[in-house]
Amino acid sequence: MPNSRPRPRRGARSGAGAVGRDRLVSRSLQSAEHCLSAQDFGTAYAHYLLVLSLAPELKDDVKETFQYTLFRWAEELDALNRTQDLLGCYEQALELFPDDEVICNSMGEHLFRMGFRDEAAGYFHKAVKLNPDFNDAKENFYRVANWLVERWHFIMLNDTKRNTIYNAAIQDAVCLGSKSVLDIGAGTGILSMFAKKAGAHSVYACELSKTMYELACDVVAANKMEAGIKLLHMKSLDIEIPKHIPERVSLVVTETVDAGLFGEGIVESLIHAWEHLLLQPKTRGENGNCEKYGKVIPASAVLYGMAVECAEIRRHHRVCTKDVAGICLPTNVKFQSPACSSVDTEETVEPYTTEKMSRVPGGYLALTECFEIMTVDFNNLQELKSLATKKSGKIGIPVIKEGILDAIVVWFVLQLDDEHSLSTSPSEETCWEQAVYPVHDLADYWIKSGDQVMMEVSCQDCYLRIQNISVFSSEHEMDVGKDFSKDKDLFSLGSEAELCSALANLQTSKPDAMEQTCILESTEIALLNNNLYHESFKTAMRKVLSSLTPEKLCQAMDTHCQNNEMSCGSGQSNSEESIPEPFYVLDVSEGFSILPIIAGTLGQVKPYSSVEKDQHRITLDLISEANHFPKETLEFWLRHVEDESAVLQRPKSDKLWSIIILDVIEPSGLIQQEIMEKAAISRCLLQSGGKIFPQYVLMFGLLVESQTLVEESAVQGTERTLGLNIAPFINQFQVPIRVFLDLSSLPCIPLSKPVELLRLDLMTPYLNTSNREVKVHICKSGQVTAIPFWYHMYLDDEIRLDTSSEASHWKQAAVVLDNPIQVEMGEELVLSVQHHKSNVSITVKQ
């Protein structure tokens, strides 16, 4: 801690006032130092505020000590949940040191932990702008940049076809007399600039995101249109005439549509626009100057759908197994992904997920023809108003091909005007993804030609909702719902294991058996479906526990229970002294995990789960009960920990863990933050012979040529944006790493074989290297644009999990190079791999 005391400097002022000020400053500095030595950080912070308000010329002298005091005081406030006081301290600090990158970054970290991701990203970005070499801020910024400027901005701006068609429709409208224009949800301002270039007299653009609004201001100025485009940092719903714009406009342009068309609020914003901001529409057959009438681009949309079989969607949204590594999943527990659960909740949750169906791993099979769901006229106010109140409409679609009904895929055609349209169909080359409505709660998902897929369609809470999906056939009708017959469910089971599981559940079920719906993220459902993952952990845990008890192998829990019953039946007493001390197993995986229950089957084990959500705890208890676990077997670790931020502690004051399970890799494909720090603490908490899982991780990568990754990471010059200068501004927010990739379906050309890039050893840290150079042999000529990477997680030297495997719940990530590198077959390229905290940087050495 810095401890040099600065001396107050006398300014030009003199007299009693200046002398008194200097004495007060000097006493406050002494008091601050005294409080720091006593670790009274709050009082010390108050003294420093007084010093800096009275003597701002001392800023440079006390800056380092002030930072230390602020950070320690902020830690105390955070622990006490005094959020407002904490934020107030940082606001005061930033008023005094507005250009301090360390304080900006620390403020961002606190905001991120509180869940204010947009605001946090802004502070991280400011810190990077202040000091581009500040690694901590760069790593933080890269992780949250997706919230600051969403990645689809880059993809859409690179879509020349989309830009050209919008530009043509806007040009036609302006040429026909629509000279006053409002751009709703302006983003970078590209549609506003199309309107201005077309000759519009007055252009207004509103954008709610502070970051995007500021970016649009820079873009419009760089294109020398700031005098002709008025930018408003607000929602269109808050625009008032004449307060914000002088009069009603003749044209509204917008692209506030998502994959499900309505999800960004286009209906609500256009109802408001027609009522308050637009001129009256031209009536059918009426002639006259378009300047006197109002219209909207896009003019209308048609929504289409198709029923599909898709194994990738199925494994992420439906638990397809009844048995996970010997653990039976009871029928009174229903797992759902957020997309499926939105129907049953009061919250406004997006009722679909999105996929680029042309790139979904394993592809998909169309089970029905494409069918029309609904049309909407954006130039008809009454139709827009009726959308939200209209009752659900029923649709029946004939099945043309047999298969497993996994989802309804939805896309739309956006009719900008009579001549120009954009399609988001999976068969089109488009920047758009499609909306996916996973099918759930059917007794049997197999459908065949001649069946009909039935569904109800509505537009509620500004979302297209497709629900109550069922199948009607000439043999029987299978309805969706909570009341489907358990007998029917039983007869649909195929394997002997599934049948045994169902019988066990029927035997243990009581009339009032508790029903539990458990909402899991799609990656958690994919993990639950990954039997290899759970079997691998089971085998690795058994090996460790066996090595800790060489005199006897671990026995399964049911055998242990039977032995207890036999000893009780024969009248033998089982004294407490004869019960061996259990092995303690701690699972600190992120999210839902049944590994603690699996550990509990391996003998005298005391497993602890670190799940946080109550519904996850209830579900684990029900699974334990269905598998005949004594109630006290599984415990929830966070109930035993006073400070949830310090999860890694001894199981008891005099006990150590036999196994600690850590989450090393995020589902996105990145290394978990602070994982090496967690591993260091974990090593100190293990008994002799105990293990951390995984014990070590190898990171692999290869060189590829992928134009797709390039276009999804940065805007490519001015040609894609029809001559408008946007790229340098939005590319400030590009990040060097793309996450959530499916390498198996990524459009790319491999230019090398996979190579080992890095080793992360959680058990033997001296084997880790923070910097290394890797030679890569080029096996195909081309341009290196990216380096995708993935991991092999070793539970021990023989058991490993591959995060790029077909059944993996993990996605892959890739470093995208700023500039492509031409390589020839037979050459070698040297990669510099650096590991700093949880961030891995990969650069090509020229």
Side-chain angles (χ1 to χ4, degrees), residues 138-139 142-143 359 361 664-673 675-676 694 696-710 712-714 734-762 767-794 800-806 808-846:
K138 279 202 296 187
E139 289 167 19
Y142 292 155
R143 284 180 177 269
R359 275 168 50 182
V664 179
I665 309 301
E666 296 178 1
S668 66
L670 297 179
I671 296 169
Q672 286 277 7
Q673 286 189 301
I675 189 59
M676 300 314 288
Y696 61 95
V697 176
L698 299 182
M699 178 180 176
F700 288 87
L702 80 161
L703 308 178
V704 302
E705 180 176 333
S706 174
Q707 188 61 25
T708 297
L709 282 180
V710 170
E712 290 179 356
S713 300
Q734 73 181 97
V735 296
I737 294 182
R738 287 276 288 123
V739 294
F740 285 109
L741 297 175
D742 281 302
L743 191 52
S744 65
S745 59
L746 176 71
C748 68
I749 303 169
L751 303 180
S752 76
K753 292 183 177 178
V755 293
E756 183 184 321
L757 299 176
L758 189 70
R759 178 186 176 108
L760 296 177
D761 203 305
L762 283 69
L767 295 176
N768 293 320
T769 51
S770 56
N771 300 289
R772 68 178 300 214
E773 291 187 353
V774 180
K775 289 183 179 179
V776 185
H777 182 75
I778 305 299
C779 60
K780 185 179 179 67
S781 300
Q783 283 198 327
V784 179
T785 60
I787 307 165
F789 56 88
W790 64 96
Y791 311 89
H792 289 175
M793 292 175 36
Y794 284 82
R800 72 173 172 87
L801 296 165
D802 184 349
T803 67
S804 68
S805 72
E806 187 179 320
S808 170
H809 70 289
W810 292 287
K811 299 296 186 183
Q812 294 81 57
V815 172
V816 183
L817 305 185
D818 287 335
N819 299 298
I821 297 173
Q822 183 66 41
V823 292
E824 302 297 328
M825 187 171 69
E827 291 180 349
E828 277 191 342
L829 214 58
V830 179
L831 301 181
S832 174
V833 183
Q834 295 182 314
H835 178 227
H836 174 69
K837 292 188 176 177
S838 300
N839 187 58
V840 175
S841 68
I842 306 170
T843 53
V844 179
K845 293 198 73 176
Q846 298 285 4

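For the single chain, residues carry numbers from 1 onward in sequence order. As the structure is a computational prediction, the values presented were derived from the model and not from experiment.
- Contact check for L817 versus I787: side-chain heavy atoms found under the 4.5 Å cut-off.
- Looking only at atom types and distance, the side chain of T785 has no donor-acceptor partner in the side chain of E705 under 3.5 Å away.
- Pairing each heavy atom of H835 with each of M676, the nearest pair is CE1-CG, 3.8 Å.
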Q734 and D818: CA distance, side-chain angles, deciding distance, side-chain contact (heavy atoms from CB on, under 4.5 Å) verdict: CA-CA 10 Å; Q734 73 181 97; D818 287 335; 4.0 Å; yes
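- In terms of heavy-atom proximity, V704 sits nearest to P750 at CG1-CA, 4.1 Å.
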Verdict with supporting geometry, I737 and Y142, side-chain contact (heavy atoms from CB on, under 4.5 Å): CA-CA 8 Å; I737 294 182; Y142 292 155; over 6 Å; no
Intermediate values then yes/no, side-chain contact (heavy atoms from CB on, under 4.5 Å), Q822 and E827: CA-CA 11 Å; Q822 183 66 41; E827 291 180 349; over 6 Å; no
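- Closest approach of R759 to N768, counting heavy atoms only: O-OD1, 3.1 Å.
- Side-chain contact between V784 and V844 is absent, with no heavy-atom pair separated by less than 4.5 Å.
- Residues S752 and V776 have side chains in contact (heavy-atom distance under 4.5 Å, counting atoms from C-beta outward).
- Across all their heavy atoms, S706 and P747 have their closest contact at OG-O, 2.9 Å.
- Taking the six-membered ring where tryptophan is involved, the planes of F700 and W790 are essentially parallel, since the angle between them stays under 30° and well short of 60°.
- Remark: side-chain polar atoms of S808 are not paired, donor with acceptor, to backbone N or O of S804 under 3.5 angstrom.
- Here the side chains of I675 and V697 are not in contact, with every heavy-atom distance at 4.5 Å or above.
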Stepwise side-chain contact (heavy atoms from CB on, under 4.5 Å) check, Q834 with N771: CA-CA 5 Å; Q834 295 182 314; N771 300 289; 2.9 Å; yes
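- Annotation: side chain of M825 is not in contact with side chain of K780 (no heavy-atom distance under 4.5 Å).
- L757 has its side chain within reach of L831: a pair of non-hydrogen atoms, C-beta onward, lies under 4.5 Å apart.
- Looking at Y791, its side chain never comes within 3.5 Å of a backbone N or O of L801 through a donor-acceptor pair.
- For the pair M699 and L760, the minimum side-chain heavy-atom distance is 4.5 Å or more.
- A heavy-atom distance below 4.5 Å is not found between the side chains of E806 and P361.
- Partner of F789 under the side chain to side chain contact (heavy atoms under 4.5 Å, CB included) criterion, chosen from L741, L670, V755: L670.
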Chi angles and distances behind the side-chain hydrogen bond (donor to acceptor under 3.5 Å, both in side chains) call for S744, D742: CA-CA 5 Å; S744 65; D742 281 302; 5.2 Å; no
